[in-house]
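The structure under discussion appears below in the form of C-alpha cells.
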Amino acid sequence: MPVIFHEQTKQFHLFNSEVSYIIRIMENGQMENLYYGKALRDREDFSHFHEELMRSQMSVCVPEPGLLSMHYVRQEYPVYGTGDYKTPALCIRQEDGSRIINFVYKGYEIRKGKPSLAPLPATYTENEEEADTLEITLHDEKLDTDLVLSYTIYRDYPVITRNTRFLQKGPQTIVLEKAMSACVEFLDMDFEMVQLSGAWARERYVKNRPLEMGIQSVYGLDGTCSGAEHNPFMALKRPQAGEDNGEVYGFSFVYSGNFLIQTEVSTFDMTRVMVGIHPESFSWTLSEGESFQTPETVMVYSDQGMNKMSQVYHRLYRKRLMRGVWRDQARPVLLNNWEATYFDFNEEKILNIARKAKEAGVELFVLDDGWFGVRNDDYRGLGDWYANLEKLPEGISGLSRKIEDMGLKFGLWVELEMVNKDSDLYRQHPDWLLAAPGRFESHARHQHVLDFSRKEVVDHIYEMIAKIIRESSISYIKWDMNRYMTEPYSLPADPSRQGETMHRYMLGVYDLYTRLTTEFPEILFESCASGGARFDPGMLYFAPQTWTSDDTDANERTKIQYGTSYVYPIVSMGSHVSAVPNHQVFRKTPIGTRANIAYFGTFGYELDLNLLSDQEMEEVKRQVAFMKKYRHLIQIDGDFYRLLSPFEGNETAWQVVSQDKKESIAMLYQKMNKVNGSWMRLKLKGLKEDALYQVSLEGTPLKDYRAYGDELMYAGIPVDRTELNRRGGDFASLLYVLKEIQ
C-alpha cells in the first residue's frame, strides 16, 4: 500500500519502489516533514529523523520541558508569527486585523485513485489502482476553518502531487492573502537551482545557480499566462548530478497565471521550497460555507539525473495530464500561412498555398491571423469573430470545405481573450476591458485584455466562436494570446474582492477551454502566447500541444526545444520549418537542418511552398514522408534523451528510443563549422547493450554500418565531418536512424 499511517508514532509514509515521503504530527498538532528522497523500507518509527536542540532566539511553542520550535523544524505548511521567522506558505487576514493562525491536526483520509480538482487542471488517474491519495485535515479552532493538505503518490512513477484547499465553517469572514499549494523542506542547502527563463523568441533557456542563504525564486506576474520570462518549473539538483546521474527534485506548477516557486535557505543551511499562486495582488475572501482550492504542484524525484526527471514528466504529462482523442495520437503534418502571407491574403492566395501543401504530402492547412472582422493589421478587429467576406467571400465555412475537398484538414487561428478598441465588440461593450477606473488603459500590440473573470464575457466569446466552428469544417484551432495583463481591475466586482480578479480570469479561460473541448472533442487545440509565453502544464490539460516559440530559426530552436524538454514531452512542442532568411533573426540555415530540428516536435511548415525551387520541393516531400514514417516513435512511443547541450558547446544532440529499444533516431547539429576539426564521436543512450543495430544516416545511406548497443553508447558513432561540410558546414546537421537487427 503506497500510503501508510503509523498510529503509535503518528507518522505517514508515502512510498513506492522509487521514492519515499515521510511526515509526522508534531506535539503542537502541526505537520513536520521527516524525509523526501529515494525509497526507504517502511518501519514503524522514523522519529530519529527529527532534530531538536536548544538554540539562541528560539521561540518554544509547546509547554515545558519541550524544545519544539517552528523555526528549526521542516514544516509541511508553515505560517508566520508563532516562532517561525521565515517566509510562510499561508497568510489569513481576520476580522479583528490579526494574521496569527494555528492550524492543528484534526484527521486524515486515505483513498484510492486521485480526486479531480475541476475546474482547475490537474493530473489524473484512469483507475483507482494507479495512485493513492492522502488528505490531512488541519483546523483552526478560533476561525473554525479547515485546511486540507492533499498528497497523491502514483504507483508507477516517482511522483507526488500536492494541493491545498480551505473551507470556512465559522461565521467570521476571512481573507486569504497567501495560499501556496505546497511546501517542502530539506535539511541542507547542497543544491543547484535549475530554472527555465528567457523572453520572447528565446523562451526557456536553461539557467543553473548554486543555492545560497536567503531567498531565490522564479515567478510570473503578468496575470494572463505563465510567461516567456520564467516557466512555472524549478529543479533542485545535487552539484555533482548530471543528465544521467545524481539526485534531482523537480517542481512543476499546473497553472497558467501568476505563480511563485521560491527557495529560502536559512542560516542553518536548511532549504524551504514553496510553490503556488504568487501572493502579489492576490487575495480571496471566504465567508461561512465557502471554500478555496489551490492549483496542483507535481513533484518528481530522480536518483538518475536530469534526464530521468524529464522522462518522468514526459510520460506523466503525456498519459495523465493531456486528455481527449489526441492524447495518444501522432500529430498531423501541417502548414501554417502566417509567415507566408501575414495579413495580406485572399481566398485565391490561400487556396494556392494549400494546393502546394497537398502536393508535398501535408495533411492540415492552418489559416492564421487576419480572417475576421476588418482585420488587415493588428490595430483592429480583435473580438469580432465573424469572417471577413472581402477576403473570404464564402467565409470560413466555404473556405474550410474547399480545403477539405483538396484532401486536407482545415485549422484556424483565434485570440479569444483579447479585443482591439477599433472593433464592434468594444464599441458595444467598452466596460468589458480589464481596466482601473480613472487610470490609463495600457495597451500592447494595440490590444486590450477582456475581463474573463466575468461569466457574461466568457459566454459571449464562446457563442461567437462556437458558431463559426459549428458552421464550418474545422479540425484544429491555434489559440493565441499576445499580451500580458495590466490594470487588473474588474468593474462589476466589489472593491474588497479585486484581489480575486487575476485568478478568476484564469478560471474563465479554463471554463472556455472546457466548453469548447467538450462540445468539439475531435478538434486538436494548440495553445500559443506570442509563441511560447504560455507553455505550462495547465494549458496542456486542455490543449495537448503548444507553439514553442515565434522564433522559427533552426539554430535558436536548439536552445528553446532543449530547455523545454526539461519538463514537457516532445509531442507537446509546436515546431515548424520556416523560410530563409529567417523572419526573426535573418539567418540562413539548410532546409535539411530546419527539418531535422523540427522533427522533434509536432512538425510542420510555416512558408509558401510555391516559392521553393523544384529541388527544395522534392526535399520537402522527402521530409514529410520521413516524419509520417517515424512520428509515432518520436511523438508517442519514444523516450527522449538529451546528449549534447547547446548551452555548453558548439554541438547539440538529442535522441528518441522506442519503448522496446528496437528503434532509435538521433540528431547531431553543429553551430559553426571547424577547419581541420578533430575526431568526434556521438555517444547514444537508452539502447540494449547486447542488441545489434543497423545504423543509417538519413539522406545519405551508410555502408552496412552495424554495431552493438554497448559500442554505440560507450564508444559512439564516428561523425563524418566531410558529410557535415557537404551539408553546408555552418548550421549543418546529421540524422541517424537505428534499427535492431533480428
Proximity of Tyr85 and His71 rings by center, below 6.0 Å = yes
Quiz item: cation-pi between Arg323 and Tyr541, 6.0 Å / 45° = yes
Sub-6.0 Å ring centroid separation between Phe103 and His139 | no
Only one of Glu32, Gln30, Gln11 forms a side chain to side chain donor-acceptor pair (under 3.5 Å) with Arg24, so which one is it?
-> Glu32
If the plane angle is over 60° it's perpendicular, under 30° parallel, otherwise tilted; pick one for Tyr205 and Phe647.
-> perpendicular
Establish, yes or no, whether a centroid distance under 6.0 Å links the rings of Phe292 and His503.
-> yes
Is the Tyr568-His314 ring centre distance short of 6.0 angstrom?
-> no
Classify the ring geometry between Tyr105 and Phe5 as parallel (under 30°), tilted (30 to 60°) or perpendicular (over 60°).
-> parallel
When the aromatic ring centroids of Tyr313 and Tyr317 are compared, is their separation below 6.0 Å?
-> yes
Are Arg204 and Phe233 in a cation-pi contact, defined as NZ or CZ under 6.0 Å from the six-membered ring centre and within 45° of the axis?
-> no
Go through the side-chain N and O atoms of Thr548 and Thr564 and say whether any donor and acceptor fall under 3.5 Å apart.
-> no
Would you call Asp244 and Lys308 a salt bridge, taking side-chain N to carboxylate O under 4.0 Å as the test?
-> no
Relative to each other, are the rings of Tyr513 and Phe542 parallel, tilted or perpendicular (30° and 60° limits)?
-> parallel
Of Phe49, Tyr36, Phe46, which meets ring pair (Phe, Tyr, Trp, His ring centres under 6.0 Å) against His13?
-> Phe46
Test of ring centre spacing under 6.0 Å for Phe12 and Tyr108 = yes
How are the rings of Phe186 and Phe251 set to each other: parallel, tilted or perpendicular (split at 30° and 60°)?
-> perpendicular
